[in-house]
Amino acid sequence: MLTVKFIQENKVKVIEKLTVKNFKQLELIDQVIELDNKRKTVQSELDNQLAEANNLAKQIGALMKEGKQTEASSAKEKTAKLKESTRELGLHLETIEKELNKILVVIPNLPHESVPVGKGADDNQVVKTGGTMPEMESDAAPHWDLAKKYDLIDFELGVKITGAGFPVYKGKGAKLQRALINFFLDEAEKAGFTEVQPPILVNEDSGFGTGQLPDKEGQMYYVGIDNLYLVPTAEVPVTNIFRDVILNASDFPVKYTAYTPCFRREAGSYGKDVRGLNRLHQFDKVEIVCIDNPENSYKTLEIMVKHVENLVSKLELPYRILRLCGGDMGFTSSLTYDFEVYSAAQKKWLEVSSVSNFESFQANRLKLRFRDADKKTQLAHTLNGSALALPRIVAAILENNQTPGGIKIPKVLVPYTKFEMI
RNA sequence: GGAGAAAUGGCAGAGCGGUCGAAUGCGACGGUCUUGAAAACCGCUGUCCGGGCAACUGGACCGGGGGUUCGAAUCCCUCUUUCUCCGCCA
């Protein structure tokens with residue numbers, strides 16, 4: 001979330017930037033400022049009274065030692081009154097702070113200067129296109145048919161075991177999953193990312209830290225009996241490694257990578273957009289997470305984008321990179337690049353990665369800070385990206401590489417799959 | 001799951017209910033010495049919220065929450081976590 005201080009000092013800019021994100025409740029900004037001013041007034045009154053009470057307590061102690069009982073008990077009476085009023089002030093302060101927090105938590109992050117104005121997906125900017133579009137026969141099969149034909153993925157079986165959106169990968173289909181995960185992790189390691197294996201259930205504090213809570217409560221699977229959430233992305237457990245941490249500037253850049261299954265309820269989706277692997281409740285993803293000095297975070301974002309671009313190029317998939325417009329960006333992001341690969345049989349672009357700089361928005365929630373050159377603490381910047389999410393990559397590989405003789409595995413994956421054709 | 005013990009600053013570790021934001025040691029940082037380094041010696045060393053240009057100053061924080069008291073790191077309740085023992089177990 002944004003810091004109150006920043007909102008106080010940059011009110012005009014905040015409102016202007018929130019408009020780019022199509023945020024409508026701009027009156028909240030004035031409410032924040034007003035509540036914060038009220039907070040300061042109440043708190044300094046409370047502090048003064050506490051100071052007085054502390055003083056009196058000290059005096060009483062001294063008087064008792066000297067045996068001046070009557071003077072001590074008259075001081076005690078004063079303290080009793082103070083105690084009552086500090087209790088009230090304390091409660092008042094708490095109410096104000098809660099109210100303030102409730103508002104802060106629903107204000108989205110401000111978009112970076114380069115973010116285009118726009119309402120939705122159509123207003124995103126294509127910043128780069130790469131790879132070669134495959135020449136396909138008009139009767140090219142979509143991946144769900146190919147998956148059936150070659151017995152790679154059994155969607156119906158998943159329905160039987162769990163429900164829609166939980167496919168069962170079989171044989172070479174399962175091996176392809178494993179190959180991709182290992183390929184992505186190895187590439188990340190080569191690029192200097194440290195691999196971690198985090199828990200895939202997280203507590204409420206972690207969900208709050210990266211911004212999934214309270215905003216997207218309904219999109220995560222929730223294990224009520226233990227009050228835990230299944231991770232929608234490795235971003236959550238990995239970034240939360242650094243919750244309540246003060247780093248040194250020399251620790252930057254922090255670069256982590258993790259493979260986890262991801263769980264998303266995605267309530268309300270239907271139709272051909274969700275057919276096959278296009279949208280699942282459980283899927284596999286390798287994530288990269290960076291933490292950096294605010295001075296370098298946009299350079300780091302570019303490096304992460306390059307890394308993802310390298311992956312799709314090596315997989316020989318036609319891709320394009322989009323800069324998301326204000327209206328299509330996530331709640332927590334300042335700047336997001338989406339990667340899409342072209343799926344030849346479906347004849348459409350599929351989103352396979354999203355790389356974002358959150359600036360200090362998550363860090364403020366996480367209390368993730370670092371000591372700068374002056375040894376002052378300040379909020380770090382957090383970034384993350386998918387590198388990559390598997391299902392749509394699999395869809396594109398199957399569709400784009402289909403031949404009469406089977407499906408060709410991209411060269412870079414052969415050492416991992418140990419087979420060249422499906 | 002059952003029984004017991006514990007939770008203090010970056011770490012280790014002290015702390016008769018007032019003089020404790022907290023001894024001491026280590027570490028880190030700054031300095032003296034040195035060609036350089038080590039050693040030695042000196043100094044400094046938490047976070048957050050206010051006020052002040054600043055020096056400085058008020059408040060809060062000793063796992064979380066609540067209570068007793070004029071006053072709580074210290075006493076009481078509760079939750080969480082860790083350790084030891086027992087049981088179960090991939």
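Naming convention: chains lettered A, B, ... in sequence-line order (proteins, then strands); numbering from 1 in each chain. Predicted model only: the values in this text are computed from it and were never measured.
- Relative orientation of the A:Y229 and A:Y222 rings is tilted, given thresholds of 30° and 60° on the angle between their planes.
- With a cut-off of 3.5 Å on both Watson-Crick or G-U wobble distances, the partner of B:C11 is given as B:G25.
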Review item, side-chain donor-acceptor pairs of residues 230-237 of chain A, under 3.5 Å, at least two apart:
| from | atom 1 | to | atom 2 | distance (Å) |
| --- | --- | --- | --- | --- |
| A:T233 | OG1 | A:E235 | N | 3.0 |
| A:T233 | OG1 | A:K285 | NZ | 2.8 |
| A:E235 | OE1 | A:N384 | ND2 | 3.4 |
| A:E235 | OE2 | A:Q362 | NE2 | 2.9 |
| A:E235 | OE2 | A:N384 | ND2 | 3.4 |

Just the table, please: protein N/O against nucleotides 65-72 of chain B N/O, every pair under 3.5 Å.
none

Could you tabulate the donor-acceptor pairs under 3.5 Å formed by side-chain atoms of residues 393-400 of chain A, not counting sequence neighbours?
| from | atom 1 | to | atom 2 | distance (Å) |
| --- | --- | --- | --- | --- |
| A:E399 | OE1 | A:S343 | OG | 2.5 |
| A:E399 | OE1 | A:A345 | N | 3.1 |
| A:E399 | OE1 | A:Q346 | N | 3.1 |
| A:E399 | OE2 | A:H143 | N | 2.9 |
| A:E399 | OE2 | A:H143 | ND1 | 2.8 |
| A:E399 | OE2 | A:Q346 | NE2 | 3.1 |
| A:N400 | OD1 | A:A344 | N | 2.8 |
| A:N400 | ND2 | A:Y342 | O | 2.9 |

Report, one pair per line, the protein and nucleotides 43-48 of chain B atoms (nitrogen or oxygen only) whose separation is under 3.5 Å.
| from | atom 1 | to | atom 2 | distance (Å) |
| --- | --- | --- | --- | --- |
| B:U47 | OP1 | A:R371 | NH1 | 2.7 |
| B:U47 | O3' | A:R369 | NH1 | 3.0 |
| B:C48 | OP1 | A:R369 | NH1 | 3.1 |
| B:C48 | OP1 | A:T377 | OG1 | 2.7 |

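- Taking atom P on both B:C53 and B:A60, the two are 24 Å apart, rounded to the nearest angstrom.
- Following rounding to the nearest Å, A:N203 (CG) and B:C79 (P) show an atom-to-atom distance of 19 Å.
- With a cut-off of 3.5 Å on both Watson-Crick or G-U wobble distances, the partner of B:G58 is given as B:C49.
- Atom name C1', nucleotides B:G15 and B:C75: the rounded distance is 15 Å, in whole Å.
- Following rounding to the nearest Å, A:I96 (CD1) and B:G50 (C1') show an atom-to-atom distance of 14 Å.
- Here the separation of B:G25 from B:U8, taken at their C1' atoms, is 16 Å to the nearest Å.
- Between B:A28 and B:A12, the distance separating the two C1' atoms is 15 Å to the nearest Å.
- Rounded to the nearest Å, the gap between the C1' atom of B:C29 and that of B:C44 is 8 Å.
- Partners of A:R39 by salt bridge (charged side-chain N to carboxylate O under 4.0 Å, His left out), not counting sequence neighbours, listed by chain and number: A:D36.
- For A:Y259, there are no ring pair (Phe, Tyr, Trp, His ring centres under 6.0 Å) partners at least two apart in sequence or on another chain.
- Here the separation of B:C41 from B:G52, taken at their C1' atoms, is 38 Å to the nearest Å.
- Applying the ring pair (Phe, Tyr, Trp, His ring centres under 6.0 Å) criterion to A:Y319, with sequence neighbours excluded, gives no partner residue.
- The nucleotide B:G4 finds its pairing partner in B:C83, both defining distances of the Watson-Crick or G-U wobble pair being shorter than 3.5 Å.
- Considering only residues two or more places apart in sequence or on other chains, A:Y169 meets the ring pair (Phe, Tyr, Trp, His ring centres under 6.0 Å) condition with none of them.
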Would you tabulate the pairs of protein nitrogen or oxygen atoms and nucleotide nitrogen or oxygen atoms of nucleotides 53-62 of chain B closer than 3.5 angstrom?
| from | atom 1 | to | atom 2 | distance (Å) |
| --- | --- | --- | --- | --- |
| B:G58 | N2 | A:D47 | OD2 | 3.0 |
| B:G59 | OP1 | A:N54 | ND2 | 3.4 |
| B:G59 | O2' | A:D47 | OD1 | 2.9 |

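- A salt bridge is absent between A:E302 and A:K299: the closest approach of a Lys/Arg side-chain nitrogen to an acidic carboxylate oxygen does not fall below 4.0 angstrom.
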Show which side-chain atoms of residues 16-28 of chain A pair as donor or acceptor with protein atoms under 3.5 Å away, not counting sequence neighbours.
| from | atom 1 | to | atom 2 | distance (Å) |
| --- | --- | --- | --- | --- |
| A:T19 | OG1 | A:I15 | O | 2.6 |
| A:K21 | NZ | A:N109 | O | 3.1 |
| A:K21 | NZ | A:G330 | O | 2.8 |
| A:K21 | NZ | A:F331 | O | 3.3 |
| A:K21 | NZ | A:S333 | O | 2.8 |
| A:N22 | ND2 | A:G118 | O | 3.1 |

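- The ring pair (Phe, Tyr, Trp, His ring centres under 6.0 Å) test applied to A:F358 returns no partner, not counting sequence neighbours.
- Not counting sequence neighbours, the partners of A:E316 by the side-chain contact (heavy atoms from CB on, under 4.5 Å) test are A:P410, A:K411.
- As rounded to the nearest Å, B:G66 and B:G58 have C1' atoms that lie 26 Å from one another.
- Taking atom P in both B:A6 and B:C76, the straight-line distance is 11 Å, to the nearest Å.
- Taking the six-membered ring for Trp and thresholds of 30 and 60 degrees, A:F252 and A:F370 have ring planes more than 60 degrees apart, a perpendicular arrangement.
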